[in-house]
Trainee: 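The structure's right below; bear with me while I get my questions together.
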Amino acid sequence: MKICTKNHHHWSLLDSLPEDKSGAGKFKCAGCAYEKGLRAGKNKEESLNIELETLHESQSMTLQHKSPHAAFAKGYLDGISNF
Ligand SMILES: [Zn+2]
């Protein structure tokens, strides 16, 4: 899986998220997970699939341990709330 090269702009939004210290998502990009959740929220998708294996790997030390599950959920909520 590729390393994430996106320049995410929501790092500060993810500060409060729990860390994923040992789960499968540990090295997945929480920024990508957030954006995926946000898209799902905008579209009000009713069948959600995080599909962790499709996410890029994290390159950012600060986000490396953030839970992509939590990031996806936050993105989904923000997508519902803002659109
Ligand atoms: Zn990313």
Side-chain angles (χ1 to χ4, degrees):
M1 188 57 65
K2 290 178 188 166
I3 302 286
C4 179
T5 55
K6 286 185 180 175
N7 184 20
H8 296 295
H9 297 291
H10 355 272
W11 296 146
S12 61
L13 291 174
L14 304 176
D15 279 348
S16 63
L17 295 181
E19 296 184 350
D20 189 343
K21 291 193 174 72
S22 58
K26 183 176 176 183
F27 297 112
K28 293 300 182 179
C29 179
C32 285
Y34 176 85
E35 290 187 352
K36 192 167 187 177
L38 193 65
R39 271 197 305 276
K42 283 183 192 175
N43 296 329
K44 295 201 165 53
E45 292 177 14
E46 295 175 359
S47 179
L48 302 176
N49 191 340
I50 302 177
E51 290 182 302
L52 271 184
E53 66 276 9
T54 67
L55 295 174
H56 290 143
E57 291 185 9
S58 175
Q59 58 163 196
S60 164
M61 293 308 288
T62 56
L63 281 184
Q64 194 164 44
H65 302 302
K66 290 296 182 185
S67 166
H69 300 88
F72 181 93
K74 177 164 177 52
Y76 187 74
L77 178 62
D78 288 351
I80 296 288
S81 302
N82 298 332
F83 296 94

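We're numbering straight along the sequence, starting at 1.
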Trainee: As an exercise, state the distance from NZ of Lys36 to SG of Cys29, rounded to the nearest 0.5 Å.
Mentor: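 The SG atom of Cys29 is 12.0 Å from NZ of Lys36, to the nearest 0.5 Å.
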Trainee: What donor-acceptor contacts under 3.5 angstrom involve side-chain atoms of residues 73-83, with partners at least two apart or in another chain?
Mentor:
from  : atom 1 : to    : atom 2 : distance (Å)
Tyr76 : OH     : Glu45 : O      : 2.7
Asp78 : OD2    : Tyr34 : OH     : 2.7
Ser81 : OG     : Leu77 : O      : 2.8
Asn82 : ND2    : Asp78 : O      : 3.1

Trainee: Heavy atoms only: give me the nearest Leu14-Ala71 pair and the separation to one decimal.
Mentor: CD2-CB, 4.2 Å
Trainee: After noting the C-alpha distance and the side-chain angles of Lys28 and Cys4, does the key distance pass the side chain to side chain contact (heavy atoms under 4.5 Å, CB included) rule?
Mentor: CA-CA 9 Å; Lys28 293 300 182 179; Cys4 179; over 6 Å; no
Trainee: Ile50 and Thr54: which non-hydrogen atoms are nearest, and at how many Å?
Mentor: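 Looking at all heavy atoms of both residues, the shortest contact is O-OG1, 4.4 Å.
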Trainee: Please find the pair of heavy atoms, one from Lys6 and one from Cys32, that lie closest to each other, and give the distance.
Mentor: CD-SG, 4.3 Å
Trainee: At their closest point, which heavy atom of Ile3 faces which heavy atom of His56, and how far apart are they?
Mentor: C-CB, 4.2 Å
Trainee: Counting distance only, does the side-chain N/O of Lys66 pair as donor-acceptor with the main-chain N or O of Ala30 below 3.5 Å?
Mentor: no
Trainee: Tell me the closest heavy-atom pair linking Pro68 and Asp20, and the distance in Å.
Mentor: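 Here Pro68 and Asp20 meet closest at CD-OD2, 3.9 Å.
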